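Let me begin by presenting the structure, written as C-alpha cells, before commenting on it.
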Amino acid sequence: MALSDTAPRGLPLIITRLDELTQFQRLAVLWGFGGAILGVVTWGSFLLDLNFTTVASLFLVIIVLLSLLDSFASSAFFSILSILCLNYFFVQPLYTLNVTDAQDIAALFAFLASSLAVTSLVRRLRHLAEVQRGQAQLLELTTDAIIVRGLDGAILYWNKGAQNLYGWRREDALGKTVDTLLRTALPARATDIDGILLGTGHWEGELVHTTREGEQVIVSSRWSVQRDRRGAPMGVLESHTDVTARKRADDALRRSEAAYLAEAQKLSHTGSFGWNVTTGDLHWSDETFRIFGYDRETPVSMDRVMQRVHPDDIAMVGAILAGAADGRGFDIEHRLLLPGGTVKHVRAVAHKAPNGQDALHYIGAISDVTATKEAYMARVTAQEKLNSVQADFAHASRVSVLGELTASIAHEINQPLAAIAANGDVGLRWLGRPEPDMAELRELMEAIVFDARRAAAIIARVRAMAARKAPEHTLLALNDVVAEALLFLRHEVLTRTVTVVQHLADDMPRVLGDRTQLQQVIVNLAVNAMQAMVQAESPERRITITTTAPDPLTVRCTVEDSGPGIQPEHVVRLFESFFTTKQGGMGMGLPICRSIIEAHGGRITIDTATAEGGEQAGARFAFTLPAATPPAS
C-alpha cells in the first residue's frame, strides 16, 4: 500500500486545494499554515513542560506531514523554524538563541539532519507511490486482461480489463489459481510451456478460457517472468487479448474460401491433392474424388490411383511416379478408365512443397481435360475438312483458268509441234540425197529434240497446274514464280495485245511456299486484269508486276492494270465467295487467292485509292508473304 494512503483523510483535499493556487500563493499558504501548527505545538509543549526530545519528535512528525505537500524548500524552511523554536524555548538558556552546551548544539544539528533526511526519504517514497499508482492506472485503462500471478498460479493482480473479459470481480479472483478459475485449455503440455517460459523469460500463444458465464473465449496470451534482484523468478505477468471474434471471422472466411474453392474446382474440373512420397499418404479435394470416380469416404492410395489409369498408360504413369522420388515434380497427361467404360483425359501437375521437413511432400492439381481434348480433335477434323474443301476449290479454279487458257495452251504446244513436223519433213528430204550432209542432219535433229523438250515442258506445267495434290512447301524465289506464271499467259498476252511490265527487285529473300499455288495466285490476278481491260475496251492495255522487300522479313508482289478500276461499292465484297462482276464468272478466283496467301502466313489487299480513281484508274492488287531467309548481303 502506498505511503500516502496512511495520511489523514483530509490531506488529499488540502493537496487538491493547494494545486489550484499559484506557486507564490501556495508557498504563502503552506508556510503560514505550517508555521501556525508549529507555533501551536510549541506553545502546548511549553505549557505541558515537555522535554527537548519529545518536542523534537513532535516537530519531526509535523515536518514529515508537511513535506508531503511541497518540495525540499518547504521541508528546509520548517526544519529551520523548528530548530529556532527548540533553541528558543527548550534549550538553556531559555528565550534566547544562544547555545552554550556542545551537547545541545549536537542535538540541534542531529535534529536538522534527521529532518532533512526523513523528509527526503518521504518525498522519494511519495514519488515512487505516485509512479506505481500511475502505472496501475495505466493497466486499468487498457482493454486487455492483465493478470499477475505467483509461481504457484495464485492471482496477485487482476485489472479492470480482466474483470470485463472474464466476468470475475477483482475480490473474487485474487488468491485463486488462474488455470482453475478460467479453466484454461493450453495449446501444449503445461510442463513444456513452463520450460520455455523459465528458460527464455517469455512465452506467447493462444489459449482458450472460460468466463464466469461459461462462455469460451480465445485469447492471444503473452507471458513474462518477473525476477527479484538476484534474478530468481518471483511471479508471472500475463497479458490476454480477446481474439475470439477475429478467430471466428477467420474460420468463417476459411470456410467461405473453401466453399468458393470447391465450387471453382467443380466449375473448372480441376481438383487438388497432396502426396507424401515418404509415407505414401494422399489427400484429395472433393473434385479429385469426382474425377477419379470414387466416393468421398473411400480411403485413397496410390494403388487406387493406378486402378483408374487406362491400361495403355499404366507403364508411362508408373515410370513418372516412380521417378518423382527425386523431388523434381511432374507434369503428365494420361487417360483414366472408369467403371462402365468411360474414358477421361486428365492432366496432373505437381511440385515439391516447401514444408521444411525431411519427408518429400508434393502439392498438385489434376484437371479433367476430356472436353478440351474432344473439342481440339473436333477442331482438327473440321480444319482438315476445311483444308480439303479449299484444296478442291483451288483445284477447280485452276482447271477453270486452264479451260479459259485452252487456246493459249494449244498455241504454245502447236509451235514446237509444228517446228518438229517441219524439221522432220526437211530431214526426210535430206536423207533422200545421194550423199546426205551429216552435219546438217545433226543440227536438224538437235532442233527437233529442243522443240520436243519445249513441248514436254509446256505439258508438264499444264499437268502440274491441273494436278490435284497436297501442298508442298519449299524454298522459292518469288521472281522465279512470277516468271513461270507468265509463261502460261504468254500467248494470251500476245493475243489480247497486252503489255506486261516487270519491276522485279534484286536480292529478294526467299519464301517458304507451294510453287503451284503461288503461280495460281499470280495467274488469277493477271487473267482478271486482262479480262477487265478487254471487256472495257481500254485503249491501253498494260499490266505492271512489281516485287519488293519492304523489310528483311517480308516480300511483296503487286499486280496493277490500266483498266477501268473497280466500283467503290464492289471493293468490300471482292473477296466474298461467289461474288463476281464478270458474266459467266464463278466468283471464286479472288477468295481462293486470299485463302492461299493467308495459308502461307501472308495478306492480300486491294488499293482502294486507285480503285476510286475513276475512269482508266485501274486496279492494284498486292500480297505480302513472310520471308524464309534474310536478304543476300
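What you see is a predicted model, and the numbers here were worked out from it, not measured in a lab. These numbers come from the heavy atoms of this one structure, side chains and all, not from hydrogens, waters or symmetry mates.
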Over all heavy atoms of both residues, which pair between L337 and P311 is shortest? Give the atoms and the distance, please. CD2-CD, 3.8 Å

Test item: side-chain donor near acceptor, T546 and T558, under 3.5 Å: no

If I compare all heavy atoms of P509 with all of P552, which pair ends up nearest, and what's the gap? CG-O, 4.4 Å

Nearest heavy-atom contact between F273 and I366 is CE2-N, 4.2 Å

Residues in side-chain contact (heavy atoms from CB on, under 4.5 Å) contact with L486, at least two apart in sequence or another chain: V482, L489, V500, Q502, I545

Considering residues, nucleotides and ligands other than R442, do more than 12 of their heavy atoms fall under 6.0 Å from its CZ? no

Any side-chain heavy atom of I606 within less than 4.5 Å of one from R620? no

Does the ring centre of H600 sit less than 6.0 Å away from the ring centre of H473? yes

Could you check whether R594 makes a cation-pi contact with F623, meaning its NZ or CZ is under 6.0 Å from the centre of the six-membered ring and within 45° of the ring axis? no

Which label fits F289 and W284: parallel for a plane angle under 30°, tilted from 30 to 60°, or perpendicular past 60°? perpendicular

Is there side-chain contact between I363 and H361, with at least one heavy-atom pair below 4.5 Å? yes

For D295 and T298, what are the C-alpha separation, side-chain angles and deciding distance, and is it a side chain to side chain donor-acceptor pair (under 3.5 Å)? CA-CA 5 Å; D295 293 332; T298 303; 4.7 Å; no

Ion pair check, R347 and D331, cut-off under 4.0 Å: yes

Taking the side chain as C-beta and beyond, is there a heavy-atom pair between V534 and Q531 under 4.5 Å? no

Mind listing the closest non-hydrogen atom pair of V309 and V317 along with its distance? CG1-CG2, 3.9 Å

Between the side chain of S272 and the main-chain N/O of A365, is any donor-acceptor distance below 3.5 Å? no

Is there a donor-acceptor pair closer than 3.5 Å between any side-chain N or O of S562 and the backbone N or O of E540? yes

Side-chain H-bond candidate by donor/acceptor type, S301 with D303, under 3.5 Å: no

Looking at T288, is its backbone amide N or carbonyl O close enough to the side chain of Y294 to form a donor-acceptor pair, meaning the two atoms are under 3.5 Å apart? no

Can you pull out every salt bridge (charged side-chain N to carboxylate O under 4.0 Å, His left out) where at least one residue sits in residues 273-294? Sequence neighbours excluded, please. D286-R296, E287-R290

Is the CZ atom of R603 crowded by more than 12 outside heavy atoms at less than 6.0 Å? no

For M530 against V498, the heavy-atom pair lying closest together: CG-CG2, 4.0 Å

I'd like to know if the side chain of R510 and the backbone of A627 have a donor-acceptor N/O pair within less than 3.5 Å. no

Is it true that E560 and R542 have a side-chain N and a carboxylate O under 4.0 angstrom from each other? no

Is the side chain of K344 donor-acceptor paired with the backbone N or O of I291 at a distance under 3.5 Å, no angle test? yes

When E333 is tested against each of K373, M316, H345 for side chain to side chain contact (heavy atoms under 4.5 Å, CB included), which residue passes? K373

Is the backbone of T624 close enough, under 3.5 Å, to the side chain of R556 for a donor and an acceptor to pair up by distance? no

Would you please name every residue forming a side-chain hydrogen bond (donor to acceptor under 3.5 Å, both in side chains) with T547, sequence neighbours left out? N479

Are the side chain of D313 and the backbone N or O of R335 linked by a donor-acceptor pair below 3.5 Å? yes

